Amino acid sequence: MRVLGIESSCDETAVAIYAHDKGIIAEAVASQIETHAKFGGVVPEVASREHLKVLPALTQQVLADAGCDWSSIDGIAVTAGPGLMGALLVGVTFARSVGLVNNIPVLPVHHMEGHLFAPGLSDEGLPAFPFMSLLVSGGHTLLIRVDGLGQYKVIGQTIDDAAGECFDKAARVLGLPYPGGPEIAKLAKRGDASVFKLPRPMLNKANFNFSFSGLKTAVMYAAKGCTNFDAQAKADLAAATELAIADVLVKKAMRACKAEDITTLVIAGGVAANQTLRMTLDKASKAQDINVFVPDLAYCTDNAAMIAYAGALRFQQNDKITNDWDANPRWKLTDLT
Ligand code: KG4
Ligand code: ZN
């Protein structure tokens, strides 16, 4: 089966083709980061217009790269939520149109389910169920017990900002452009994380929830209180921020695995690209005998390969594809079955 995946939920327009016997055979991502950078964040209407501008040609390019035409595509999987409504509607409307014209079934994919199963695109493949998943992106910070496709139990989540949002807001304090995560990571390489003492919010609470808005405020006060906030101090604060976020995520994820008696942890979402997080996790998981699965770097941030792959899993499970669905900017992972 060949599935063409389309992603347009935020600021990346992406198309990919997944073949069940070969994996991803062609893919492309058109990032809007430079367009939005001058505004310091994603402007929803600009995002929709950019998706509309590039999606048709990007799709033709991916079909050509794969040596396919529409007749060799068995299904279309499109991100239907969560995300920016206008941006989602561009992908969904395009998918429905080409599906109708070419008589191909179209299936809605939950963006976070795409992230959740992205490790399945690596050489190791997807781990056996059940596993714990730490989903960390710009809009989500979730600890989820996964017992199968569509069988999700939320163990913990952020009560305010997401981890990626914290990276992005802290980056602004440090005068770095959007998106802040990769920028903080770059700057942190030259920094000493021990110079600034930052809090580890919610670490002493007995639950698995997170809170990152206090950390962002602490970063702001640390910057304001620094008498000589020069390039080195900025690098030190970047390193301290990165370590504080990684520490909290890793400790809570390890505790959640223990509480649920699970020995496999998957990390996914844009923040999973962070090397300090990966290193902190590597150390902690070895001490607790947890197997960690991480997606390839390109499949941590938004892409269509993960949508095509999750779509292929859904097509396999689903023999009745209907048109009775719509783009849903607030679609919850736990609404899936
Ligand atoms: O999954 P994603 O690409 O989009 C959403 O679904 O939100 O995640 C984007 C988030 C942004 O907040 C970005 O700053 C963060 O992931 N991010 C990183 C890194 N790369 C992206 N955060 C920390 N370190 C990185 N290397
Ligand atoms: Zn995402």
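Order of listing sets the numbers, starting from 1, for every ligand and every atom in it. It should be emphasised that the depicted structure is a prediction, and the values quoted were computed from it without experimental measurement.
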*Asks:* Going by the order shown, which atoms of ligand 1 are within less than 4.0 Å of some heavy atom of F167?
*Replies:* 22 (N), 23 (C)
*Asks:* Ligand 1 and G269, any nitrogen or oxygen pair closer than 3.5 angstrom?
*Replies:*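 In this structure, G269 places no N or O atom under 3.5 Å from an N or O of ligand 1.
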*Asks:* With heavy atoms under 4.0 Å as the rule, classify the contact between H140 and ligand 1 as side chain, backbone, both or neither.
*Replies:*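 Answer for H140: neither.
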*Asks:* So if I count the atoms of ligand 1 from 1 in the order they appear, which ones are less than 4.0 Å from some heavy atom of H115?
*Replies:*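 Near H115, meaning under 4.0 Å from one of its heavy atoms, ligand 1 has 1 (O), 6 (O).
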*Asks:* What is the nearest protein non-hydrogen atom to atom 12 (O) of ligand 1, stated with its residue, atom name and distance?
*Replies:*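 I find the closest protein heavy atom is D168 OD2, 2.8 Å.
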*Asks:* Where the Zn ion (ligand 2) is the corner point, what angle links NE2 of H111 with OD1 of D302, to 10°?
*Replies:* 90°
*Asks:* Which ligand 1 atoms are under 4.0 Å away from a heavy-atom of G164?
*Replies:*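 By the 4.0 Å cutoff, the relevant atoms are 12 (O).
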*Asks:* Write out the residue and atom name of the closest protein heavy atom to atom 24 (N) of ligand 1, then the distance separating them to 0.1 Å.
*Replies:*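 It is N274 ND2, 3.0 Å.
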*Asks:* With respect to A185, determine whether any N or O atom, backbone or side chain, lies less than 3.5 Å from an N or O atom of ligand 1.
*Replies:*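 No, no N or O pair falls under 3.5 Å.
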*Asks:* Using a 4.0 Å heavy-atom threshold (strictly under), name the region of Q275 that reaches ligand 1: side chain, backbone, both or neither.
*Replies:* neither
*Asks:* So, is H115 placed with an N/O/S atom under 2.8 Å from the Zn ion (ligand 2), counting both backbone and side chain?
*Replies:*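 For H115, the answer is yes, given that an N, O or S atom comes within less than 2.8 Å of the Zn ion (ligand 2).
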*Asks:* Using heavy-atom distances only, which candidate in N303, T79, D302, V271 approaches atom 3 (O) of ligand 1 most closely?
*Replies:*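 Ranked by closest heavy atom to atom 3 (O) of ligand 1, first place is D302.
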*Asks:* Consider every N or O of G181 and every N or O of ligand 1, then say whether any pair is closer than 3.5 Å.
*Replies:*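 Between G181 and ligand 1, an N or O pair is found under 3.5 Å apart.
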*Asks:* Working note: D160 + S211, criterion side chain to side chain donor-acceptor pair (under 3.5 Å); need CA distance, chi angles, decisive distance, verdict.
*Replies:* CA-CA 6 Å; D160 43 52; S211 163; 2.7 Å; yes
*Asks:* Which atoms of ligand 1 are found less than 4.0 Å from any heavy atom of G138?
*Replies:* 5 (C), 7 (O), 8 (O), 9 (C), 10 (C), 12 (O)
*Asks:* Under a 4.0 angstrom heavy-atom cut-off, which atoms of ligand 1 come close to T301?
*Replies:* 3 (O), 21 (C)
